[in-house]
There are 2 protein chains.
Amino acid sequence: MEIGRPYSRLIHRLEACRPLLPEDRQHIADLPLTVANFGAGQEIVRQDDAPTRCTVVLSGILSAHKRVDRAQRQITSFFLPGDIADLSALYLPALDYGVTAVGSAVVAFVPHNALQSAMDRAPTLTEAVWRQSLIQAATFREWLATIGRRDALSRVAHLVCEIAVRLQAVGLARDLRFSIPWTQTDIADACGISNVHANRVVQKLRRRGLVEWNTQGISILDWSGLVAVGGFSAEYLALAPSLSLAPVGKPIEMRLRDAGQATPPA
Amino acid sequence: MEIGRPYSRLIHRLEACRPLLPEDRQHIADLPLTVANFGAGQEIVRQDDAPTRCTVVLSGILSAHKRVDRAQRQITSFFLPGDIADLSALYLPALDYGVTAVGSAVVAFVPHNALQSAMDRAPTLTEAVWRQSLIQAATFREWLATIGRRDALSRVAHLVCEIAVRLQAVGLARDLRFSIPWTQTDIADACGISNVHANRVVQKLRRRGLVEWNTQGISILDWSGLVAVGGFSAEYLALAPSLSLAPVGKPIEMRLRDAGQATPPA
DNA sequence: CGATAGCTTGAGCCCTATCAACAGCTGTGG
DNA sequence: CCACAGCTGTTGATAGGGCTCAAGCTATCG
């Protein structure tokens with residue numbers, strides 16, 4: 001996975017939240033940052049810590065999780081390249097969740113004070129950051145509805161749809177095919193089910209011809225079928241209809257808009 | 001439920017997120033607002049609408065809910081006096097949830113542009129608003145962990161603990177007694193269980209001597225027991241330890257701090 | 001070539017949903 | 001004043017989705 005200039009992913013992602021001015025992009029490019037690598041399962045920010053820097057995903061995938069009853073774990077978010085994983089710590093005293101690498105990942109750390117002073121100088125940048133935060137909140141609500149009111153099959157289908165749309169939005173999925181280093185236990189912890197049952201649900205999705213799913217990656221064979229099973233609608237992700245993020249040249253934003261209406265993406 | 005000057009509840013609530021300057025308080029007091037009454041079950045903001053004003057609870061309780069599969073409903077938040085129910089719409093195009101009055105309620109509507117210009121002029125006010133938003137996000141994460149990983153008894157216990165602490169923080173509960181106009185169906189929809197099962201869980205909480213619970217209200221008889229059952233810890237609510245909101249004079253903030261550590265509050 | 005991590009499968013059981021019926025209370029209208 | 005409807009709470013019976021325990025399988029890796 002190539003990274004390019006380290007801040008480009010962040011700019012792309014924020015731009016999907018709100019179009020930026022050239023000076024905003026310059027502010028981001030000027031941010032001091034530390035790049036670090038993490039292996040699968042490594043903890044990047046510990047729950048209850050009070051970090052003084054923000055964690056930006058450059059490549060790979062992170063998860064936010066909370067421990068419940070010392071044995072159980074609930075994943076509350078997945079962070080994809082360009083996402084800021086611990087924005088909350090910028091204003092709240094301690095982080096109420098831990099951040100872990102799912103598979104190996106590359107992240108950039110940006111000191112709070114540098115980010116804060118960039119935001120003080122660039123109002124549209126501030127707005128983009130807050131929008132990302134509000135979109136994350138909308139995603140929590142969507143997960144709440146899904147976990148609270150849908151059965152296991154729908155939960156997993158919904159999660160796969162969300163990840164697919166988000167990965168396409170940052171150019172890491174094409175034609176609804178992508179690879180993602182999560183395990184079935186990660187999926188179980190995100191969907192509030194047991195790992196054994198997650199396995200059975202994945203098999204059922206395969207048997208129904210909705211997805212092709214192996215260790216190499218996931219490829220969605222029947223988008224509208226999967227959308228129907230998961231009750232998915234991409235609106236809560238608030239992806240700008242005009243996000244021009246085509247990674248190599250194809251007009252992939254067409255697919256994304258379709259995904260938003262839950263219509264077949266090809 | 002007396003309201004006092006309409007903006008006082010909002011000031012108190014924001015002050016719990018971040019201490020305000022006198023000029024901030026003045027900015028709030030100068031906000032133009034429209035006061036409105038709603039009956040039990042009335043919809044205040046419809047899902048998918050794009051409101052141009054924010055909804056502040058003055059008295060009573062609101063819920064945010066999402067519809068799932070046209071028959072199911074998931075409540076994602078309860079809003080208590082002083083809370084802003086639809087902050088998200090200030091920056092995102094449409095609201096991904098509906099807002100409904102639980103019992104009868106009085107709300108104030110504040111136009112977005114007025115709120116925005118007040119925030120432009122008062123940075124600490126802005127910070128307080130964003131903190132409230134981040135606390136709401138932290139609450140979503142806590143609910144996700146609870147609904148995803150705890151059984152029905154824990155979910156209801158956890159919800160009751162949260163509401164108790166939040167009501168005490170705004171002076172609407174004393175000695176862990178409060179009245180709240182929700183129905184068992186509301187509780188079911190918030191906890192992701194059926195209304196029949198919610199009833200059985202409430203009865204179990206009563207039988208265990210944890211709560212006294214009738215149509216008049218709820219009184220928590222065994223705080224530490226309830227906290228243990230619900231796996232509750234108030235830290236995610238980020239209540240300032242110094243919040244001096246004692247409604248009549250008793251030093252209720254001691255109890256609140258205790259509640260945060262999940263130790264007996266009396 | 002073991003070892004470890006992840007995936008798969010089976011069996012039994014428990015929590016919770018669903019369906020159904022009834023009681024209590026409140027407001028409405030004749 | 002009583003009959004009635006509607007909402008909320010309560011209880012019982014039944015069924016099903018998902019958990020737990022347990023074991024076997026597969027693949028990657030040092």
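All chains are named by letter (A, B, ...) in the order of the sequence lines, taking the proteins before the strands, and each is independently numbered beginning at 1. What you are looking at is a predicted structure, and each value in this text was computed from that prediction instead of being measured. Reckoned from all heavy atoms, side chains included, excluding hydrogens, waters and symmetry mates.
- If you take NZ of A/K204 and C1' of D/dG18, they are 11 Å apart, rounded to a whole angstrom.
- Distance CD1 (B/I147) to C1' (C/dC15): 16 Å, rounded to an integer number of Å.
- Using a 4.0 Å heavy-atom criterion, one finds that A/R206 contacts the sugar-phosphate atoms exclusively.
- With rounding to whole Å, B/R155 atom CZ is found 12 Å from C/dA17 atom C1'.
- As a whole-Å value, the separation of B/D151 CG from C/dC14 P is 15 Å.
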Can you check salt bridge (charged side-chain N to carboxylate O under 4.0 Å, His left out) on B/R73 and B/D186, steps first, answer last? CA-CA 9 Å; B/R73 188 178 72 134; B/D186 293 324; 3.0 Å; yes

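- The phosphate of D/dT10 (OP1 or OP2) has a side-chain N or O of B/Q184 nearer than 4.0 angstrom.
- For A/A152, counting side-chain heavy atoms from C-beta on, the closest listed nucleotide (D/dG18, C/dT18, C/dA11) is D/dG18.
- Between A/W182 and A/W213, the ring-plane angle classifies as parallel under the 30° and 60° cut-offs.
- Annotation: side-chain hydrogen bond (donor to acceptor under 3.5 Å, both in side chains) contacts of B/Y236 (sequence neighbours excluded): B/E162.
- What separates CG of A/N199 from P of C/dT9 is a distance of 7 Å, to the nearest Å.
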Stepwise, does the salt bridge (charged side-chain N to carboxylate O under 4.0 Å, His left out) test hold for A/D189 with B/R149? CA-CA 9 Å; A/D189 286 344; B/R149 286 303 184 203; 2.8 Å; yes

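- A/S233 contributes atom OG, which lies 7.5 Å from atom CD of A/E142 (distance to the nearest 0.5 angstrom).
- Spacing between atom CG of B/N214 and atom P of D/dG9 amounts to 11 Å, rounded to whole angstrom units.
- Close to C/dC7, at under 4.0 Å from its OP1 or OP2, lies no side-chain N or O of A/Q203.
- Comparing A/T215 and A/N195 by the nucleotide of DNA chain D whose heavy atom lies nearest to each, the residue mapping closer to the 5' end is A/N195.
- Per the geometry, NE2 belonging to A/H197 stands 11 Å off C1' belonging to D/dG16, to the nearest Å.
- For the pair A/R149 and A/W182, nearest-nucleotide mapping onto DNA chain C gives the more 5' position to A/W182.
- Closest approach to the B/R200 side chain among D/dT20, C/dC7, D/dG12 is made by D/dG12 (side chain taken as heavy atoms from C-beta onward).
- The side chain of B/T183 has D/dG9 as its nearest neighbour among D/dT10, D/dG9, D/dT20.
- Residue B/V196 is in base contact, counting any heavy-atom pair closer than 4.0 Å across all strands shown.
- Of the listed nucleotides (D/dA22, C/dA17, D/dG9), C/dA17 has the atom at the smallest distance from the side chain of B/I193.
- A/L205 has its CG atom 15 Å from the P atom of C/dC7, to the nearest Å.
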